[in-house]
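If you read the sequence from its start, that first residue is 1, and numbering goes on from there. Worth saying up front: this structure is predicted, and the values here are computed from it rather than measured.
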Amino acid sequence: MAASFWACAAITLVSACVSLAYAVAGLRSAVGPSRTPSMYALSRSVALVLVAVVAPVAGSVGFLAAVAVVMVVVQAGDSVVGAKVRDRFKTFGPAATAAANLAALVWMLAG
């Protein structure tokens, strides 16, 4: 596999792991009925990490591309949430991750 494939796989996996870490933190800090949405976020984040791990093992550019697109959308959405709560770190961090993942995806698909 090309370097672009492995770069896209690595960025996609890091992105999924960061989302999982935020989901875990959200669940740990949630109390009462607000735990339910956090549990849903956690289950989705675990699934994203799993497919991000499987994609490079499968060696399929199409599979990895699909996972990368999903993570770009997730991180872009997280950036919008960060902007809505007026948190610069939670706005620009996910935006930068989405941009890096998108750049790696384009590089992989162009190669």
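For Ser79 against Pro94, the heavy-atom pair with the smallest separation is N-CB, 3.7 Å. Among all heavy-atom pairs drawn from Ser45 and Ala23, the shortest one is OG-CB, 3.6 Å. When all heavy atoms of Ile11 and Ala100 are compared, the pair lying nearest together is CD1-O, 3.9 Å. Nearest heavy atoms, Val72 versus Leu102: CG2-N, 3.7 Å. For the residue pair Gln75 and Ser15, the shortest heavy atom distance occurs at NE2-OG, 3.0 Å.
Taking hydrophobic clusters as Ile, Leu, Val, Met, Phe, Trp and Tyr residues chained together by side-chain heavy-atom distances below 4.5 Å, Val24 shares a cluster with Leu13. Val80 and Val74 are assigned to two separate hydrophobic clusters, defined by single-linkage of ILVMFWY side chains at heavy-atom distances under 4.5 Å. The hydrophobic clustering, which links ILVMFWY residues whose side-chain heavy atoms are closer than 4.5 Å, places Val70 and Val73 apart.
Rounding to the nearest 0.5 Å gives a distance of 9.5 Å between OG of Ser43 and CG of Leu48. Separation of atoms CG (Leu64) and CH2 (Trp6) is listed at 9.0 Å; rounding is to 0.5 Å. To the nearest 0.5 Å, the span separating OG on Ser38 from OH on Tyr22 amounts to 14.5 Å.
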Donor-acceptor contacts, no H, no angles, side chain residues 104-111, under 3.5 Å, sequence neighbours left out:
none

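Contact check for Ser19 versus Met71: side-chain heavy atoms found under the 4.5 Å cut-off. Residues Leu27 and Met39 are in side-chain contact: their nearest non-hydrogen atoms beyond the backbone lie under 4.5 Å apart. Val81 has its side chain out of reach of Thr91: every pair of non-hydrogen atoms, C-beta onward, lies at least 4.5 Å apart.
With sequence neighbours excluded, no residue forms a side-chain hydrogen bond (donor to acceptor under 3.5 Å, both in side chains) with Thr97.
No side-chain donor-acceptor contact under 3.5 Å links Ser34 to the backbone of Ala30.
Hydrophobic cluster membership for Val51: Val54, Phe63, Val67 (Ile, Leu, Val, Met, Phe, Trp, Tyr linked by side-chain heavy atoms under 4.5 Å, directly or transitively).
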